[in-house]
Amino acid sequence: CTQEGCALHFVPKEITRTMQVVVNVKGLHNVKRATCTLSGVPVSVFLADGRITENAATQEFTLGSPQFLPGSVSDGTLSGSLNVFGFDKSVAHELILTAYLVDGKTKVEQTLTNISITEKEGTLGVITLYIEANVSQTIPDVKPEGGSDSGFDADVGDWGEEEKSDIII
């Protein structure tokens, strides 16, 4: 410190972790868009020592980047990422997939099974968590929106009496 004042120097510290999630989906060709929820995610962190709080919440994130398995036109993976304050692998976590199907009407929710959680440290010392899970049941087959079962029928029933009226401009 000098008479003009003191200078402080702060070194940033990353307090979040990145999680990469990959979900194996049977019936991927029927999925238009999907989200996932992960329970047991810490809601905050103590800045002084980096410990996560005991309070936990459920965090929703979007799944995308569909990749079909080699040789398959129906099965593949969806992936997504999220940032969390920390993650305790010893605590039970529930991962739920919500898929909106290509027919534009059907919504499917499934609790994911065979969840595998691994950690990998990057070159700069950043730890990334990887979660891989499977859907428990095959996503049902539906007819795509705009097909014959899309809810739009070109046949028009009786429209009733014709009404004529002037439009004042």
**Student:** Would a single hydrophobic cluster contain both V142 and V135, if residues Ile, Leu, Val, Met, Phe, Trp and Tyr are joined by side-chain heavy-atom contacts under 4.5 Å?
**Tutor:**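 In one cluster with V135: V142, yes.
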**Student:** Looking at residues at least two apart in the chain, or sitting in another chain, which of them share a salt bridge (Lys or Arg N to Asp or Glu O under 4.0 Å) with K107?
**Tutor:**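 Only E109 meet the salt bridge (Lys or Arg N to Asp or Glu O under 4.0 Å) criterion with K107.
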**Student:** Kindly write out the residues that satisfy side-chain hydrogen bond (donor to acceptor under 3.5 Å, both in side chains) with R33, not counting sequence neighbours, or none if the list is empty.
**Tutor:**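 Partners of R33 under the side-chain hydrogen bond (donor to acceptor under 3.5 Å, both in side chains) test: none.
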**Student:** Are the side chains of F85 and V43 in touch, meaning some heavy atoms are under 4.5 Å apart?
**Tutor:**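 No. Closest side-chain heavy atoms not under 4.5 Å.
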**Student:** Is there a side-chain contact (heavy atoms from CB on, under 4.5 Å) between D103 and K143 once you walk through the steps?
**Tutor:** CA-CA 6 Å; D103 65 354; K143 294 192 181 196; 5.7 Å; no
**Student:** Report yes or no: do T58 and S39 form a side-chain donor-acceptor pair below 3.5 Å?
**Tutor:**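 No pair is found: no donor N or O on one side chain lies under 3.5 Å from an acceptor on the other.
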**Student:** Which pairs with one or both residues in residues 60-72 pass salt bridge (charged side-chain N to carboxylate O under 4.0 Å, His left out), sequence neighbours excluded?
**Tutor:**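 Listed once each, the pairs would be none.
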**Student:** Taking the side chain as every heavy atom from C-beta outward, state whether K26 and Q137 have any pair of such atoms under 4.5 Å apart.
**Tutor:**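 Not touching, per the 4.5 Å side-chain cut-off.
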**Student:** Do any pairs count as a disulfide bond (SG atoms under 2.5 Å apart) and have a residue in residues 3-49, sequence neighbours left out, and if so which ones?
**Tutor:**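 Those involving residues 3-49 are C1-C6.
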**Student:** Taking the side chain as C-beta and beyond, is there a heavy-atom pair between K32 and V102 under 4.5 Å?
**Tutor:**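 Touching, per the 4.5 Å side-chain cut-off.
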**Student:** After noting the C-alpha distance and the side-chain angles of S116 and E132, does the key distance pass the side-chain hydrogen bond (donor to acceptor under 3.5 Å, both in side chains) rule?
**Tutor:** CA-CA 5 Å; S116 166; E132 186 169 353; 5.7 Å; no
**Student:** Which side-chain N or O atoms in residues 65-81 pair as donor and acceptor under 3.5 Å with protein atoms at least two apart or in another chain?
**Tutor:**
unit_1 : atom_1 : unit_2 : atom_2 : d
S72    : OG     : S74    : N      : 3.2
S72    : OG     : D75    : N      : 2.9
D75    : OD1    : G27    : N      : 3.0

**Student:** Could you see if M19 belongs to whatever hydrophobic cluster contains I117? Use Ile, Leu, Val, Met, Phe, Trp, Tyr and a side-chain cutoff under 4.5 Å.
**Tutor:**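 Shared cluster, yes.
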**Student:** Kindly indicate whether the side chain of V23, heavy atoms from C-beta on, has any atom under 4.5 Å from the side chain of L63.
**Tutor:**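 A side-chain contact exists here, since the closest heavy-atom pair is under 4.5 Å.
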**Student:** So, do N30 and L28 sit near enough that their side-chain heavy atoms are less than 4.5 Å apart?
**Tutor:**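 They are not in side-chain contact.
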**Student:** How many angstroms lie between atom CG of L95 and atom CZ of F61, to the nearest 0.5 angstrom?
**Tutor:**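 Reported value, rounded in 0.5 Å steps: 5.5 Å.
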**Student:** Tell me, please, which residues at least two apart from T62 pass side-chain hydrogen bond (donor to acceptor under 3.5 Å, both in side chains).
**Tutor:**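 Per chain and number, T62 pairs via side-chain hydrogen bond (donor to acceptor under 3.5 Å, both in side chains) with no residue.
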**Student:** Any non-hydrogen side-chain atom of L101 less than 4.5 Å from a side-chain atom of V108?
**Tutor:**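 Side chain of L101 against side chain of V108, heavy atoms only: contact under 4.5 Å found.
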**Student:** Any sub-3.5 Å donor-acceptor pair from Q59's side-chain atoms to L38's backbone N or O?
**Tutor:**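 Here the side-chain-to-backbone pair does not exist.
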**Student:** At what distance, to the nearest 0.5 angstrom, does OH of Y130 lie from CD of E119?
**Tutor:**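 Interatomic distance, Y130 OH to E119 CD, rounded to 0.5 Å: 11.0 Å.
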**Student:** Tell me, with the steps shown, if T111 and E94 meet side-chain contact (heavy atoms from CB on, under 4.5 Å).
**Tutor:** CA-CA 7 Å; T111 300; E94 185 176 57; 4.0 Å; yes
**Student:** Identify the heavy atoms of I115 and L112 that sit nearest to each other, and give their distance.
**Tutor:**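 What the structure gives for the nearest pair is CD1-O, 3.9 Å.
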**Student:** Checking side-chain contact (heavy atoms from CB on, under 4.5 Å) for the pair I131/Q20: CA distance, chi angles, key distance, verdict?
**Tutor:** CA-CA 6 Å; I131 297 178; Q20 299 290 337; over 6 Å; no
**Student:** Check whether any side-chain heavy atom of D141 sits under 4.5 Å from a side-chain heavy atom of H29, and report yes or no.
**Tutor:**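 In short, these two side chains touch, coming nearer than 4.5 Å.
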**Student:** Are V21 and L82 packed together at the side-chain level, in the sense that at least one heavy-atom pair is separated by less than 4.5 angstrom?
**Tutor:**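 V21 reaches L82 side chain to side chain.
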**Student:** Should V22 and V25 be regarded as members of a common hydrophobic cluster, given that ILVMFWY residues are connected when their side-chain heavy atoms come within less than 4.5 Å of each other, either directly or indirectly?
**Tutor:**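 No, V22 does not connect to V25 through the hydrophobic network.
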